[in-house]
Amino acid sequence: MAEITLRTDLAELARLAAFVEQFADEAALAVAVAFQLNLVLDELVTNSIDYGHAEATRGSATIHLRLERVADVVEVDLIDEGLAFDPRTLPEPNLDAPLAERPIGGLGIHLVRRYVDEFDYRREGGRNHIRLRKRLNAAAP
């Protein structure tokens, strides 16, 4: 198991990437799985920083992340102090629409849904709790 607490500052994304890379090495994850995990976590952390916190609180609030490999599953718990928001409620983007007609946003959460097997959310104690599970033996998308 590995844990890290990040400040709500986009500069922390470099620490996040290094943390995920170290976890992937220690957990003997395939390169493709490590890439997907990093992409998913970068998206969720970036969204938390950009949309979950007022400009005045950025940098002072925290995001706690726990990663654990349990047999052939990677479990992720991400807890932030941001505004209540269940990312699962976002509609799927229309990927067939011309690029100029697509609304901005939504593609990151689409990638999260694509690269994980379970995506749960709850609001508890004034915090957002996101739990992800990725099966390591699942076929790659």
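Here, residue 1 is the first one in the sequence, and each next residue gets the next number.
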Would you say Ile79 ends up clustered with Leu41 if hydrophobic residues are merged whenever their side chains have heavy atoms under 4.5 Å apart, either directly or through other cluster members? no
Is there a path of hydrophobic side-chain contacts, each under 4.5 Å between heavy atoms of I, L, V, M, F, W or Y residues, that connects Ile109 with Leu13? yes
Using side-chain heavy atoms (C-beta onward) and a distance below 4.5 Å, is [X] in contact with [Y]?
X      : Y      : value
Thr89  : Tyr121 : no
Ile63  : Thr5   : no
Leu37  : Val116 : no
Leu132 : Asp120 : no
Thr8   : Thr62  : no
Val76  : Ile130 : no
Leu136 : Val74  : yes
Val40  : Lys134 : no

Residues which pass salt bridge (charged side-chain N to carboxylate O under 4.0 Å, His left out) with Arg127, listed by chain and number, not counting sequence neighbours: Glu81
Report the residues that fulfil salt bridge (charged side-chain N to carboxylate O under 4.0 Å, His left out) with Glu118, sequence neighbours left out, ordered by chain and then residue number. Arg133
Picking from Glu12, His64, Arg15, what satisfies side chain to side chain contact (heavy atoms under 4.5 Å, CB included) with Ile4? Arg15
Worked check of side-chain contact (heavy atoms from CB on, under 4.5 Å) between Val45 and Leu10: CA-CA 9 Å; Val45 169; Leu10 292 176; over 6 Å; no
So how far is it from [X] [atom1] to [Y] [atom2], rounded to the nearest 0.5 Å?
X     : Y     : atom1 : atom2 : value
Thr46 : Asp50 : OG1   : CG    : 6.5 Å
Leu83 : Tyr51 : CG    : OH    : 13.0 Å
Asn38 : Glu43 : CG    : CD    : 11.5 Å

Between Arg66 and Asp77, is there a side-chain N and carboxylate O pair less than 4.0 Å apart? yes
May I ask you to decide if [Y]'s main-chain N or O and [X]'s side chain share a donor-acceptor pair within less than 3.5 Å?
X      : Y      : answer
Arg123 : Gly126 : yes
Arg113 : Arg88  : yes
Ser48  : Leu44  : no
Asn128 : Phe85  : yes

